[in-house]
Amino acid sequence: MENTAHIGGLLREWRLSRRLSQLDLALQTDISSRHLSYVENGKSKPSREMIARLTESLAVPLRERNNLFIAGGFAPMYPETSIDTPKLAQMRFAIEAMLAQQEPYPAFLLNRHWDVLMANQAARKLNRFMLGGRDSKHGNILHQIFDPEDLRPAIDNWEDVAGTLLRHLHNEVAAVPSDTKARQLLDDMLAYPGVPTHWRQRDLATAPAPILTTAFRRDGVQISFFSTITTFGTPRDVTLDELHVEACFPTDDITADFCRRLG
């Protein structure tokens with residue numbers, strides 16, 4: 001009964017995080033609302049197939065789906081394969097091609113916690129220029145942006161950029177309540193000096209901007225970029241589910257010329 005209650009409670013948390021009633025979710029998954037109620041309160045154990053249907057409808061990330069299968073007494077359904085293994089060699093080749101194609105403009109491969117897993121030469125050169133010739137001490141973009149000893153002083157519109165990213169992080173924490181790493185990352189960002197107090201609360205009234213522009217200023221150079229995000233459609237592997245490519249494009253000719261000269 002203890003495991004049954006645990007899996008039921010976890011499914012209920014996911015339903016509430018998606019702001020769905022039991023009836024809404026039952027209709028979406030063709031499950032009776034009574035059965036769903038029994039599952040959530042621990043009176044009934046969900047089958048593997050039921051967990052799969054519920055997590056699909058709730059758009060639960062693959063890592064958390066595996067955790068729910070384990071909590072329900074089943075083996076994980078989705079593999080987690082390192083991007084460096086032969087199994088994902090074709091995907092790694094495609095990612096490297098995307099990063100190279102973006103030259104002379106910056107591009108990164110990031111995981112869902114904004115850790116930089118790969119970067120093209122343009123990204124490395126731009127970071128070194130903005131840091132006065134040194135490399136960043138952080139392998140995480142959020143830390144680079146929030147740390148006063150890193151990229152933060154070079155970002156001309158820091159409050160706009162940092163505020164937008166923090167709203168995304170607040171939303172990630174709310175959307176994936178079991179993601180303790182995202183919650184810790186949020187705490188770390190809020191602990192940096194100069195972070196406005198009101199950023200500690202999730203802003204439900206303002207949606208993150210669809211396009212984020214980042215302006216840099218260093219040694220008389222003023223440049224700016226907007227970013228696009230590429231994800232991998234219908235992944236069936238935890239690693240691919242959590243990856244995305246961020247490509248930066250110049251907002252004006254001055255920035256484009258600077259990137260060409262830097263390269």
Side-chain angles (χ1 to χ4, degrees), residues 95 98-132 135-136 138-173 175 182 185-186 188-190 192-196 198-199 201-231 243-263:
I95 292 170
M98 292 170 68
L99 297 180
Q101 182 68 29
Q102 187 63 15
E103 300 281 0
Y105 310 127
F108 315 85
L109 176 69
L110 307 173
N111 64 17
R112 75 180 191 183
H113 298 120
W114 285 276
D115 296 317
V116 182
L117 305 182
M118 297 170 62
N120 65 4
Q121 287 297 321
R124 297 189 185 97
K125 290 177 180 179
L126 178 65
N127 270 28
R128 289 192 189 111
F129 177 85
M130 292 301 164
L131 290 171
D135 289 319
S136 173
H138 299 294
N140 180 281
I141 280 191
L142 289 181
H143 278 286
Q144 292 175 8
I145 290 172
F146 277 79
D147 188 345
E149 297 180 358
D150 210 273
L151 282 177
R152 178 170 165 178
I155 301 176
D156 212 22
N157 59 336
W158 180 80
E159 285 208 6
D160 291 338
V161 173
T164 297
L165 293 178
L166 205 63
R167 280 195 291 274
H168 280 294
L169 186 53
H170 268 296
N171 291 342
E172 284 294 317
V173 170
L185 191 60
L186 176 60
D188 291 344
M189 296 308 104
L190 293 173
Y192 276 116
V195 174
H198 67 271
W199 286 6
Q201 303 298 321
R202 184 184 178 201
D203 184 357
L204 297 175
T206 306
I211 297 178
L212 177 61
T213 299
T214 305
F216 293 97
R217 182 194 299 264
R218 172 87 191 198
D219 297 337
V221 174
Q222 292 178 257
I223 56 176
S224 60
F225 301 88
F226 70 91
S227 301
T228 63
I229 301 295
T230 301
T231 58
L243 296 181
H244 67 269
V245 173
E246 180 166 348
C248 302
F249 294 87
T251 61
D252 52 41
D253 291 339
I254 293 175
T255 302
D257 290 341
F258 172 83
C259 289
R260 285 191 288 267
R261 287 187 280 106
L262 192 64

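Both backbone and side-chain heavy atoms feed into the values below; hydrogens, waters and symmetry mates do not. All figures in this text were calculated on a predicted structure; none of them were measured in a lab.
- For Phe129 and Phe216, the distance between ring centers is not under 6.0 angstrom.
- Nearest heavy-atom pair across Ala107 and Ala123 is O-CB, 3.8 Å.
- Rounded to the nearest 0.5 Å, atoms CD1 (Ile155) and CD1 (Ile145) are 5.0 Å apart.
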Before giving the answer on side-chain contact (heavy atoms from CB on, under 4.5 Å), spell out for Leu166 and Leu190 the whole-Å C-alpha distance, their side-chain angles and the decisive distance to 0.1 Å.
-> CA-CA 9 Å; Leu166 205 63; Leu190 293 173; 3.6 Å; yes

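- Here the shortest heavy-atom pairing between Leu186 and Val173 reads CD2-CG2, 4.2 Å.
- By the 4.5 Å heavy-atom criterion applied to side chains, Leu185 and Asn140 are counted as neighbours.
- Between the side chain of Arg124 and the main chain of Ala119, a donor-acceptor pair closer than 3.5 Å is present.
- In terms of heavy atoms, Tyr192 sits closest to Asp147 at CE2-CA, 3.7 Å.
- Under a cut-off of 6.0 angstrom, the local environment of CG in Leu117 is crowded, with over 12 non-hydrogen atoms contributed by other residues, nucleotides or ligands.
- Here the side chain of Asn157 pairs a donor or acceptor atom with the backbone of Ala215 at under 3.5 angstrom.
- Considering NZ of Lys125 and CE of Met130, their distance stands at 14.5 Å, rounded to 0.5 Å.
- Residues meeting the side-chain contact (heavy atoms from CB on, under 4.5 Å) test with Asn127, sequence neighbours left out: Gln144, Leu151.
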Stepwise, does the side-chain contact (heavy atoms from CB on, under 4.5 Å) test hold for Met189 with His143?
-> CA-CA 7 Å; Met189 296 308 104; His143 278 286; 3.3 Å; yes

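- Formation of a donor-acceptor pair under 3.5 Å by the Glu103 side chain with backbone atoms of Asn120 is not found in this model.
- Nearest heavy-atom pair, Pro153 versus Asp150, reported as atom, atom and distance to 0.1 Å: CD-O, 3.1 Å.
- Side-chain atoms of His170 come within 3.5 Å of backbone atoms of Trp199 as a donor-acceptor pair (strictly under, hydrogens ignored).
- Within the 4.5 Å cutoff, the side chain of Leu262 has no heavy atoms near those of the Pro104 side chain.
- A tilted orientation is assigned to the rings of Tyr105 and Phe249, their planes being inclined by 30° to 60°.
- Considering NE2 of His113 and CG of Leu169, their distance stands at 8.5 Å, rounded to 0.5 Å.
- Note: Leu110 CG to Asp115 CG = 8.5 Å, rounded to the nearest 0.5 Å.
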Tabulate below the donor-acceptor pairs under 3.5 Å that side-chain atoms of residues 219-231 make, not counting sequence neighbours, or state none.
residue, atom, partner, partner atom, Å
Ser224, OG, Thr251, OG1, 2.3
Ser227, OG, Glu246, OE2, 3.1

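- Distance check, rounded to the nearest 0.5 Å: CG of Asp160 to OG1 of Thr213 gives 9.5 Å.
- Distance check, rounded to the nearest 0.5 Å: CG of Leu126 to CZ of Arg128 gives 11.0 Å.
- Summarising the geometry of Pro193 relative to Pro148, their closest heavy-atom pair is CG-CG, 3.7 Å, with the distance given to 0.1 Å.
- Across Pro250 and Ala256, no two heavy atoms sit closer than the pair CB-N, 3.7 Å.
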